[in-house]
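To start, the structure under review is shown below, and the notes come after it.
None of the values given here were measured: they were computed from a predicted structure.
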Amino acid sequence: MRAVLALVCAAQFMVVLDVSVVNVALPSIQDALAFDPPDLAWVGNAYALVFGGFLLLGGRLADLYGRRRVFAAGLALFTAASLMGGLSTSGGTLIAARAAQGLGAAVLAPVTLTIVTTTFPEGPLRTRAIAVWTAVSLAGGAAGSLIGGALTEYLSWRSILLVNVPIGLVCLAAIRFLGPDAARRGGQRVDLLGAALATSGTVALAYGLGGPPAFTLAGVILAGLFVVVETRLARAPLIPPRLVRPRAIWLGNLAMLLAGACLNPMWYFLTLSMQRVLDYGPLQTGLAFLPHTLLTMLVGLYLTPWLMRRANDRVLVVAGALIGVAGFLWQAAIAPGDSYLTAILGPAILISLGGGLLNTPLTVTVTSGVDSADAGAASGLMNTAKQVGGGLGLAAVIALTGEPSGGREATAQALAAGYGQAFALIAVVMAVVAVLAGALPARRDNAVTDADEAADGQRVN
């Protein structure tokens, strides 16, 4: 079991890392490939939008074609696309490679969680395994800026993509630990129409939030068509209607979507705040994120599983969300000339503690009690909620916060005020997460003894 958990966590780390690893390297990429400023944003957007849009399809593929087979396919595509991106000599090639990475990630990310939930039985053993998976996922996102800054500073921007190649090859070589897939049942189909509607609707909504309103309307229409296809037309829907009927799943995924709309945009605005308000360089910015990475891992790996044996999951989600609110409000006070202690480290402690507390119990809530035949769909739905929430949340907050012009000092002050508004808005959304979490049902397997946990922990380790 330890080898399986290590394998899927390594793959998940790569997927989450590549969401944010390019941020610090964007100026170097622009210089090297002569990107126009509007096109440069697609280095990140091509990955994020394709990733979020195809997650539902990726989750269902594991149920239809087998976990090992789908894991290998997604990992191979992601690794090959990383190599293509690292060797790109034009902007168009790099954007295409990033989109292919996003497709590979959409196949790979949900199957990693599916393997965890089908390998480890419900109860404290699965809770501990999910805690490890969640901590690695959070650390991957948090470490993106640190790793990207260090690789760009000392090697090249190409290394942030090429580093995935040896990791991917090692994971492919270790795939034998997953065991064989069960025989595929006949008559099963992939809901390609649903996948196309989900992806195009997500892209249209994200683009419309900061662009022409017609795209927002198109996104809403496509989302409505997706619901019709899934509930009325699809023979093998990406989201089986029976899956979203339980309150824990539909309400939990709504909370997950809004949490993603808080935690993912935070990295974007905090990176800009460090470089444009506090005047940090790329490597210094990456190092400044180190507390976020370490605290998130420590809370997710040790504190949260311990608390989950002693408190109800929804209590932990509410507590984590409220601690996050306090952290984002503190972060909103950032100003030029502030020290690292008050501007970054203090808020980081609260934000990392809050995020680490809420993610594992929320993940357990939306994946518990699901039939094994729908495990991939449940994982895909959860990952989709998180990624789509992050993409739509970032687009919405950017649309609501402008970037004023002026002298250097005036611009720093004005930017600090604008970023402060963004963090305050994120705090409001996180408060809504706390309200929704209060309505979640209690998890059935909370009553666990320390002896049970110790025995299960030995089997995981």
Kindly say whether [Y] contributes a backbone atom to a donor-acceptor pair with the side chain of [X] at under 3.5 angstrom?
X      : Y      : answer
Ser88  : Met84  : yes
Arg98  : Val43  : yes
Thr112 : Ala109 : yes
Gln12  : Trp133 : no
Arg247 : Gly252 : no
Ser156 : Ser159 : no
Asp338 : Ile334 : no
Tyr340 : Ala288 : yes

Interatomic distance, [X] atom [atom1] to [Y] atom [atom2] [nearest 0.5 angstrom]:
X      : Y      : atom1 : atom2 : value
Thr152 : Arg158 : OG1   : CZ    : 12.0 Å
Met430 : Leu329 : CE    : CG    : 11.0 Å
Ile344 : Trp330 : CD1   : CH2   : 11.0 Å
Leu103 : Leu77  : CG    : CG    : 5.5 Å
Thr365 : Asp313 : OG1   : CG    : 4.5 Å
Ser200 : Leu222 : OG    : CG    : 4.5 Å

Write down the atom of [X], the atom of [Y], and the distance for their closest heavy-atom approach.
X      : Y      : answer
Cys171 : Leu75  : CB-CD2, 3.4 Å
Ala412 : Val277 : O-CG2, 4.1 Å
Leu440 : Arg314 : O-NH1, 2.7 Å
Ala437 : Val318 : CB-CG2, 3.7 Å
Val15  : Ala105 : CG1-CB, 3.7 Å
Met14  : Asn164 : SD-O, 3.6 Å

Walk me through whether Leu270 and His292 qualify under side-chain contact (heavy atoms from CB on, under 4.5 Å). CA-CA 11 Å; Leu270 192 51; His292 297 81; 3.5 Å; yes

(message) Would you say Ser82 and Thr79 are linked by a side-chain donor-acceptor pair, where the criterion is simply a distance under 3.5 Å?
(response) no

Requested in this report: Would you check if there is a donor-acceptor pair between the side chains of Thr363 and Thr360 at a distance under 3.5 Å?
Outcome: no

Validation row: [X], [Y] side chains within 4.5 angstrom (heavy atoms):
X      : Y      : value
Val22  : Trp157 : no
Val8   : Val116 : yes
Phe71  : Ile115 : yes
Val107 : Phe78  : no
Gln101 : Phe51  : no
Met266 : Phe423 : yes
Phe328 : Leu263 : yes
Val132 : Cys9   : yes

Aromatic contact between Trp267 and Phe289, with the criterion being ring centroids under 6.0 Å apart: yes or no? yes

Next on the checklist: Pair Val163, Val21 - check side-chain contact (heavy atoms from CB on, under 4.5 Å), show working.
Outcome noted: CA-CA 11 Å; Val163 71; Val21 73; over 6 Å; no

- Item | Pair Ile351-Ile323, side-chain contact (heavy atoms from CB on, under 4.5 Å): steps then yes or no | CA-CA 7 Å; Ile351 292 171; Ile323 293 171; over 6 Å; no

Item checked: Steps toward side-chain contact (heavy atoms from CB on, under 4.5 Å) verdict (Ile249, Leu381) -> CA-CA 9 Å; Ile249 293 182; Leu381 180 60; 4.1 Å; yes

